[in-house]
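All figures in this text were calculated on a predicted structure; none of them were measured in a lab. Below, chain A is the first sequence line, B the second, and so on; all start at residue 1.
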2 protein chains.
Amino acid sequence: GEPVRDPRLIVQGETPFNAEPEGGLLVRSQFTPNELFYVRNHMPVPVITEGEYRLEVVGLDGDCLASLSLDELKTQFKRYTVAATVQCAGNRRNELNEVKKVRGGSWELGAISNAEWAGARLSDVIEYALEKGRGGGTQRKAGHVCFEGLDKDAGSGSVYAASIPMDVVERVPDVLLAYEMNGEVLPRDHGYPVRAIVPGVVGARCVKWLGKVVLSEDESTSHWQRQDYRSFSPDTDWDTVDFSKAPSIQEMPVVSAICAHDVDEAKGIISVSGYAWSGDGKGIIRVDVSGDGGQTWQGAVLREKGERKRNQNYDWTLWDAELEIPKEGEQVVLVCKAIDSSYNTQPERVESIWNLRGLLNNAWHRVEVKAE
Amino acid sequence: GEPVRDPRLIVQGETPFNAEPEGGLLVRSQFTPNELFYVRNHMPVPVITEGEYRLEVVGLDGDCLASLSLDELKTQFKRYTVAATVQCAGNRRNELNEVKKVRGGSWELGAISNAEWAGARLSDVIEYALEKGRGGGTQRKAGHVCFEGLDKDAGSGSVYAASIPMDVVERVPDVLLAYEMNGEVLPRDHGYPVRAIVPGVVGARCVKWLGKVVLSEDESTSHWQRQDYRSFSPDTDWDTVDFSKAPSIQEMPVVSAICAHDVDEAKGIISVSGYAWSGDGKGIIRVDVSGDGGQTWQGAVLREKGERKRNQNYDWTLWDAELEIPKEGEQVVLVCKAIDSSYNTQPERVESIWNLRGLLNNAWHRVEVKAE
Ligand SMILES: [Mo]
Ligand SMILES: [Mo]
């Protein structure tokens with residue numbers, strides 16, 4: 001059956017189970033506690049025992065090159081750690097629904113969380129499997145790495161699957177086959193015993209309950225790779241959409257959100273906190289916060305998070321700001337926007353990035369503060 | 001003296017010489033003809049003869065590790081080519097000036113051009129110099145590569161200089177010491193005999209008339225590295241700006257512009273063409289075009305440009321669109337915005353990205369079409 005969950009998670013869907021923490025819980029610490037980490041499942045959580053678990057690595061010709069037990073994965077490959085934020089492509093979908101109805105489950109701003117992951121490097125495991133399978137030299141020719149989960153649809157028997165282009169494996173050193181999350185055994189809701197962690201890339205590719213790693217000339221043929229998790233212009237509707245015309249979402253755009261605010265009438269200030277993140281290892285260089293709907297801005301204070309390499313800065317930046325309470329009668333509309341190390345920034349309005357599946361909402365985040 | 005220039009260049013400044021082509025000339029071909037390529041000089045063009053030219057490579061301890069003639073650079077190192085767009089950080093500055101005055105030279109939308117460059121790889125030259133200078137192994141420890149030009153300020157005698165972080169050299173294979181541009185000898189206005197080409201990175205780091213490559217723990221101490229070419233929030237003014245608080249611009253954000261449009265009353269259509277580009281090797285996946293100021297959008301047709309590797313897609317994408325002429329009396333406001341492979345897109349208004357130096361204007365580009 002399903003695991004026991006923390007009652008503080010806001011349940012957005014029961015089957016499959018989807019849930020997110022309230023924003024206020026996200027900004028309490030750099031790393032999200034495992035029990036509060038957002039859960040995005042596509043199927044029921046599979047029951048897997050360590051004894052029967054095997055990770056199969058399949059080569060270009062369809063042969064099984066290696067079949068690894070959890071113990072082998074842990075002991076035969078060097079253990080690496082990476083601090084990486086995982087975000088659902090549908091995070092903040094509800095704001096898009098307010099413009100025009102989209103298809104997809106509800107998400108407020110909490111379908112994003114941050115953890116330190118530990119595991120074997122995917123590139124090490126692929127290299128080992130190729131050598132073992134005497135397929136050496138074919139890695140370069142594989143255009144994609146497909147991930148297949150052990151979570152199954154009860155009816156069709158099909159498993160969750162997705163893929164990443166091989167260039168991501170070459171560009172991002174710590175694409176991990178992770179078996180630890182924040183120093184603990186990977187929880188069942190997060191893929192026990194092994195999940196893919198692809199830093200800087202959308203959560204949909206970070207396949208949980210990982211059963212197979214398949215080298216392939218082409219992208220995964222799964223529904224989620226080919227007919228979903230791609231974005232389109234606002235004028236594209238369900239009659240005109242052609243999923244083959246947009247690339248699958250991999251690295252993600254710059255995002256930020258206001259997670260908590262607190263009005264101190266006595267001091268005349270509003271304290272505001274939130275997160276900011278960008279894909280492909282881009283660090284956050286600045287967060288601008290406004291109390292008047294985006295007319296004027298001030299810089300937020302970015303919290304220290306330890307050293308990260310330039311362009312390998314995969315986990316979010318939490319931030320805080322103190323805004324003056326405006327004069328009597330003026331409506332307070334909090335807004336934030338982040339700037340990443342490429343000086344990319346967020347689009348202003350959800351209308352301009354609306355898309356029929358409600359993905360990748362990285363518009364300025366707005367919160368209307370109710371008068372006392 | 002200064003070279004003879006094509007009369008079609010729009011001169012934005014005589015000393016130093018700054019000039020750009022009209023948009024219509026930019027969209028004629030994937031590669032900008034050398035004589036139309038925008039020119040951004042910071043000093044008078046130096047007179048350099050092949051005989052006296054030397055490229056010096058200086059190590060961390062200040063020793064000259066290697067001194068290469070042009071012939072040695074051409075014959076002792078493998079020749080690589082890369083298609084790469086170069087853009088001035090101040091491109092489209094004039095639109096920012098309309099919001100509020102900024103400091104910096106005038107630029108319309110043409111301070112960007114595209115060429116195929118050929119030269120030696122910077123990483124090969126550094127490796128050679130380190131081995132020759134018996135400084136092997138120190139490359140990893142150098143945090144930055146500084147470039148010094150041979151162009152001199154007549155008064156102070158100081159040369160143009162800038163630097164890139166070493167991680168760029170590791171991430172981008174074809175950071176070139178270029179001696180050819182579109183199959184021709186590098187023209188004097190573009191750095192004869194050798195310039196740095198850093199694909200995906202701002203033009204200010206692509207130092208022309210390259211005299212020295214200096215390995216360094218820190219960024220270049222030049223004015224252009226430390227007190228310029230950084231961007232700030234709209235609320236930062238000359239009284240409050242602290243250049244140490246923003247990182248130097250390296251990889252650039254996603255941009256696009258409408259370069260030409262043509263109204264065909266008989267057919268009832270407006271043909272629109274432009275460019276789109278993003279830094280750090282991000283390809284352009286879509287360009288949205290509007291004829292009504294951004295209320296409705298249609299996808300532009302992206303021109304074919306030959307194969308580019310994912311995330312190593314360094315040259316621009318030209319595009320075309322045909323819009324229906326709206327009903328009698330409706331004002332036509334053309335708008336474009338581009339989306340790159342990380343699904344980053346452009347901010348809507350120049351007001352939200354205004355900055356005191358007038359840099360990195362990547363707001364939606366708008367053109368009001370005058371009624372006949
Ligand atoms: Mo997702
Ligand atoms: Mo520039």
Side-chain angles (χ1 to χ4, degrees), chain A residues 89 143 165-168 170-171 200-202 230-236 245-247 249-254 278-283 285-290 294-299 309-312 335 337 339-349 351-353 359-360 362-364, chain B residues 89 143 165-168 170-171 200-202 230-236 245-247 249-254 278-283 285-290 294-299 309-312 335 337 339-349 351-353 359-360 362-364:
Chain A
M166 185 60 87
D167 79 83
V168 172
E170 290 160 1
R171 185 176 176 100
V201 161
V202 64
R230 297 170 186 231
S231 186
F232 297 89
S233 99
D235 65 287
T236 303
K245 292 285 188 278
I249 300 167
Q250 299 287 350
E251 299 89 354
M252 297 190 89
V254 57
S278 189
D280 198 27
K282 300 291 176 193
I285 65 165
R286 199 176 87 224
V287 175
D288 294 339
V289 182
S290 173
Q295 300 298 303
T296 61
W297 300 95
Q298 79 178 52
K309 282 186 191 161
R310 195 172 170 281
N311 282 329
Q312 294 182 23
V335 186
K337 60 179 168 89
I339 294 90
D340 75 12
S341 62
S342 284
Y343 281 95
N344 267 305
T345 185
Q346 303 175 229
E348 183 167 335
R349 296 178 305 122
E351 286 82 353
S352 72
I353 50 165
L359 302 174
L360 299 177
N362 73 329
W364 295 2
Chain B
M166 186 60 88
D167 80 84
V168 173
E170 289 160 0
R171 185 178 178 98
V201 161
V202 65
R230 298 170 185 230
S231 185
F232 297 89
S233 100
D235 65 287
T236 304
K245 291 285 188 278
I249 299 168
Q250 298 287 349
E251 300 88 355
M252 298 191 89
V254 57
S278 189
D280 198 26
K282 300 292 176 192
I285 65 162
R286 200 177 86 223
V287 175
D288 295 337
V289 182
S290 173
Q295 299 299 303
T296 63
W297 300 96
Q298 80 180 49
K309 283 186 191 161
R310 197 173 168 281
N311 282 329
Q312 295 182 22
V335 186
K337 63 180 166 84
I339 295 90
D340 76 11
S341 62
S342 284
Y343 280 94
N344 267 306
T345 185
Q346 303 175 230
E348 183 167 336
R349 295 179 305 122
E351 285 82 355
S352 72
I353 50 166
L359 303 174
L360 298 176
N362 73 329
W364 296 1

Is there a donor-acceptor contact under 3.5 Å from the side chain of A/Tyr343 to the main chain of B/Leu360? no
Atom pair CZ/CE of A/Arg310 and B/Met166 - distance to nearest 0.5 Å: 13.0 Å
Here the pair of heavy atoms bringing B/Arg286 nearest to A/Ser231 is NH1-O, 3.9 Å
Report the distance from atom CZ of B/Phe232 to atom CG of A/Asp288, rounding to the nearest 0.5 Å. 12.0 Å
Chain B heavy atoms under 4.5 Å from A/Ser352: which part of the residue, side chain, backbone, both or neither? both
Tell me, side chain or backbone of B/Ile249 under 4.5 Å from chain A's heavy atoms, or both, or neither? both
Of all heavy-atom pairs linking B/Asn344 and A/Val254, the shortest is OD1-N, 3.2 Å
Contact winner vs chain B - A/Glu351, A/Glu348, A/Gln250, A/Lys309, heavy-atom pairs under 4.5 Å: A/Glu348
Go through the atoms of B/Lys337 and report whether side chain, backbone, both or neither lie under 4.5 Å from a heavy atom of chain A. side chain
Going by atom types alone, do B/Glu251 and A/Asn311 pair a side-chain donor with an acceptor below 3.5 Å? yes
Proximity breakdown for B/Pro247 and chain A, heavy-atom pairs closer than 4.5 Å: both
Against chain A, work out which of B/Asp280, B/Thr236, B/Thr345 has the most heavy-atom pairs shorter than 4.5 Å and name it. B/Asp280
When the 4.5 angstrom heavy-atom criterion is applied to A/Lys245 and chain B, the contacting part is neither
Under 4.5 Å heavy-atom distance to chain B, tell me which part of A/Ser290 shows up: side chain, backbone, both or neither. neither
